Amino acid sequence: MTGEKNLKELLKKMTPVLNPGEYVFLTVSNADEVDRKNTLFEFKEKEGVTVVVEREIADKLNFTYDYVASWITLMVHSSLNAVGFTAAISTTLAENNISCNVVAGYYHDHIFVAVDDAQKAINLLKNLAEKN
């Protein structure tokens, strides 16, 4: 399966789900500083490695962080070639003063929003889906 490309279908079928827990973005010089079984994902940049883990794990390892997020999964299988899906999601949230960090997996898009904005973001995304 290559996933859905049609923007209207993606928006209509996105089905946002709020995953349990709180998540933090860490920066480390070496990804091995955090056991990979505890990471949600990592991204290598020139300045260091960004690792996303549950807040509880970061606290146990005495890491510092600035941003505590909730994780929303959009349950539609979106194509990595889809055009406009991320823009529609981020625009809807931005218009309501909610910042978001989007990560595309092979099957689904994942949205990270501040913990205090999670329920409002879910409601906005459900409303966007209903309009399509």
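Here the structure is a predicted model, which is why all the values come from computation and not from measurement. All values below were derived from every heavy atom in this structure, side-chain atoms included, with hydrogens, water molecules and symmetry-related copies excluded.
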Any donor-acceptor N/O pair, [X] side chain to [Y] backbone, under 3.5 Å:
| X | Y | value |
| --- | --- | --- |
| Asn19 | Trp71 | yes |
| Asn96 | Ile98 | no |
| His108 | Leu74 | yes |

**OP:** Report yes if some heavy atom in the side chain of Phe63 is under 4.5 Å from a heavy atom in the side chain of Val24; otherwise report no.
**Re:**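 Side-chain contact under 4.5 Å: no.
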Original post:
Under 4.5 Å between any side-chain heavy atoms of Val76 and Thr15, yes or no?
Top reply: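 In short, these two side chains do not touch, never coming nearer than 4.5 Å.
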If you compare all heavy atoms of [X] against all heavy atoms of [Y], which two are closest, and at what distance to 0.1 Å?
| X | Y | answer |
| --- | --- | --- |
| Val115 | Ser70 | CA-OG, 3.5 Å |
| Leu80 | Gly105 | CD2-O, 3.7 Å |
| Ala118 | Ile72 | O-CD1, 4.3 Å |
| Asn38 | Ile57 | CB-CD1, 3.6 Å |
| Pro20 | Tyr23 | O-OH, 2.8 Å |
| Ser99 | Val113 | O-CG1, 3.7 Å |

Subject >> Hydrophobic cluster partners of Met75 (side-chain heavy atoms under 4.5 Å) >> reply: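 Grouped by the 4.5 Å side-chain rule, Val17 form the rest of the cluster around Met75.
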Original post:
Partners of Ala87 by side-chain contact (heavy atoms from CB on, under 4.5 Å), sequence neighbours excluded?
Top reply: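 Here no residue qualifies.
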Subject >> side-chain contact (heavy atoms from CB on, under 4.5 Å) partners for Asn127, two or more places apart >> reply: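 For Asn127 the side-chain contact (heavy atoms from CB on, under 4.5 Å) partners, ignoring immediate neighbours, are Glu130.
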Subject >> OH/Tyr67: more than 12 non-hydrogen atoms of other groups inside 6.0 Å >> reply: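 Enclosed.
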Original post:
Is the CD atom of Glu56 crowded by more than 12 outside heavy atoms at less than 6.0 Å?
Top reply: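 No, the 6.0 Å shell around CD holds no more than 12 heavy atoms from other groups.
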**OP:** Take Met14 and Ile89 through the test side chain to side chain contact (heavy atoms under 4.5 Å, CB included) and record every step on the way to the result.
**Re:** CA-CA 10 Å; Met14 72 172 130; Ile89 300 301; 3.5 Å; yes
**OP:** Just say parallel, tilted or perpendicular for the rings of Phe112 and Phe25, cut-offs at 30° and 60°.
**Re:**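 Plane angle over 60°, so perpendicular.
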Subject >> Derivation and outcome, side chain to side chain contact (heavy atoms under 4.5 Å, CB included), residues Leu7 and Val83 >> reply: CA-CA 7 Å; Leu7 180 58; Val83 175; over 6 Å; no
